[in-house]
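Report on the structure given below.
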Protein chains: 2
Amino acid sequence: MASKDRIQRLKEETRINILDASLQIVKEEGWQALSMRKIADVIEYTAPIIYEYFSNKEAILLELTRKGFLILARDMKAAKEKHRLPVKQLEAMWLAYWNFAFAEKELYQVMFGVDVNCCELCEIMPEAEVPSAMVSEVILALMAPNKPTGDEVCVKYYTFWSVIHGLISINMVRRTTSDEITHEVLKTAISGIIRSIKA
Amino acid sequence: MASKDRIQRLKEETRINILDASLQIVKEEGWQALSMRKIADVIEYTAPIIYEYFSNKEAILLELTRKGFLILARDMKAAKEKHRLPVKQLEAMWLAYWNFAFAEKELYQVMFGVDVNCCELCEIMPEAEVPSAMVSEVILALMAPNKPTGDEVCVKYYTFWSVIHGLISINMVRRTTSDEITHEVLKTAISGIIRSIKA
DNA sequence: TACATTTGCTTAACACTGTTAAATGATTTA
DNA sequence: TAAATCATTTAACAGTGTTAAGCAAATGTA
């Protein structure tokens, strides 16, 4: 019976509706304001039916986290493919990371930090490893002449991530710093780390 | 009447008790678990009396934030005074910052990030500016020969803060990275930025 | 001392939150 | 047509921050 398929499709649709509604609420009112009943209001159901699609609120946030990592990975991949030199690739990828963080501010917040998304994230969500793997690959290519160990690549990766994530965090909670200064920090930081990688 | 004074002292004591109880709960069960009724339980009162000491829950968190900044400022000051060369002072101060973040993990979390402690923090809490002012001062001393503008000092300060705050954030949500790698990142990052300052 | 007033604190309540179980009503199956 | 399944809602529980009302003891006043 084809009606089974139709119902299946409808189910998938409301699943997506739940995620869309959640993101919409968060964009309008912030993470604090997200509640099951509000989501239900937007999708024009009552709260309990949400539990037929997600086991709990956390699962919704987790799904949005996954969505975020997929977009981030796509953006960084596109940025990488625009260049051939590893140096340029690295630059472009981190700029894409930066742009993603502010273009999808709400997703970035749930991906890193809103609440301590506790530790085992990479284990339960392989998508979360894609961006870091992609960057590490380029770093490795750049360091190849030096025959670096895995740990050495890791150090460089974390240095990159730290400075950029730190800069993003600071800019998200403090809107006080001027954009020029921020961009100056971003540019000098990236090129500084790249210099240290090549050395 | 001296009894007035005694009562005043008792009042101050329970105020401190509230803050201590809050921090204790947070240390044992995390920020999510902190509730007014739990605080009341610990101080052996009922929830409503807390509102005679703090206008709301947010105010308690804000007071803990202030406490955090005071400790941080003290630690960084002590670290600075252990050295005379600006380079060594900078190193020591950021190391003190790092150590504070993990020694007072819960305070650090409420100071930066747990929930978006929104923007106007420096305006309503002058203490929050002390550490940054202290560091900027040393950066300025270090750059003095170059006659830097305020913005140039600011760029260096934010670069420092970003990489270290980023590194801390990452280490708080991901306990996966090894301590050796983390410390390697920390050391190379600090000395790298200092090099870029002197250049 | 007797009454009035203030103080310290608690109980009760409101409007929320996430979540689960029971009830309802429509749709499909036999 | 009767039975069974499904989708959905209502009701409820335990928890949250917060406020208002009440009570009982301490204090001030006559």
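Order of the sequence lines sets the chain letters (A, B, ...), proteins ahead of strands, with each chain counted from 1. Just so it is clear, the model here is predicted, and its values are computed rather than measured. What you see below is based on every heavy atom in this structure, not just the backbone, and it leaves out hydrogens, waters and symmetry mates.
- The distance between the ring centers of Tyr108(B) and Tyr97(B) falls below 6.0 angstrom.
- At the heavy-atom level, Leu34(A) lies under 4.0 Å from the strands shown only through sugar-phosphate atoms.
- Heavy atoms of Thr46(B) sit under 4.0 angstrom from at least one base atom.
- Across all strands, Ile50(B) comes closer than 4.0 Å to no nucleic acid atom at all (heavy-atom distances).
- Between Glu81(B) and Lys77(B) a salt bridge is recorded (basic side-chain N to carboxylate O distance below 4.0 Å).
- Side-chain atoms of Arg37(B) and base atoms of dG15(D) include no donor and acceptor less than 3.5 Å apart.
- Five base pairs at each end of the helix from dT5(C)-dA26(D) to dA30(C)-dT1(D) define two local axes, and these are offset by 40° (rounded to 10°).
- The distance between atom CD1 of Ile39(A) and atom P of dT19(C), rounded to the nearest whole Å, is 10 Å.
- Taking atom CD of Gln32(B) as the reference point, atom C1' of dG18(C) lies 12 Å away to the nearest angstrom.
- Side chain of Lys11(A), nearest nucleotide from dT10(D), dA7(D), dT18(D): dA7(D).
- Nearest nucleotide to the Ile49(B) side chain, out of dT8(D), dT10(C), dT19(C): dT10(C).
- For Glu44(A) and dT8(D), the CD to P distance is 13 Å, given to the nearest whole Å.
- Counting only heavy atoms from C-beta on, Met36(B) has its side chain closest to dG17(D) among dT19(D), dG17(D), dC9(C).
- Rounded to whole Å, the distance from OH on Tyr51(B) to P on dT10(C) is 15 Å.
- The distance between atom CD1 of Ile43(A) and atom P of dA7(D), rounded to the nearest whole Å, is 14 Å.
- Rounded to whole Å, the distance from CD on Glu52(A) to C1' on dA21(C) is 13 Å.
- Closest of all the heavy-atom pairs between Pro86(A) and Val138(A) is O-CG1, 3.5 Å.
- Closest-nucleotide positions on DNA chain C for Pro48(B) and Asn56(A) were compared, and the one nearer the 5' end corresponds to Pro48(B).
- Among the atoms of the strands shown, only primed sugar atoms or phosphate atoms (P, OP1, OP2) are found under 4.0 Å from some heavy atom of Tyr45(B).
- Between Ala33(B) and Ile25(B), the shortest heavy-atom contact is O-CG2, 4.2 Å.
- The NZ atom of Lys38(A) sits 9 Å away from the P atom of dC16(C) (whole-angstrom rounding).
- Two residues are said to be in side-chain contact when any heavy atoms from C-beta on lie closer than 4.5 Å; Arg15(B) and Glu52(B) fail this criterion.
- Rounded to whole Å, the distance from NZ on Lys57(B) to P on dT17(C) is 15 Å.
- Within a 6.0 Å sphere centred on NZ of Lys38(B), other residues, nucleotides and ligands contribute more than 12 heavy atoms.
- Nearest heavy-atom pair across Ala47(A) and Ala40(A) is N-CB, 3.4 Å.
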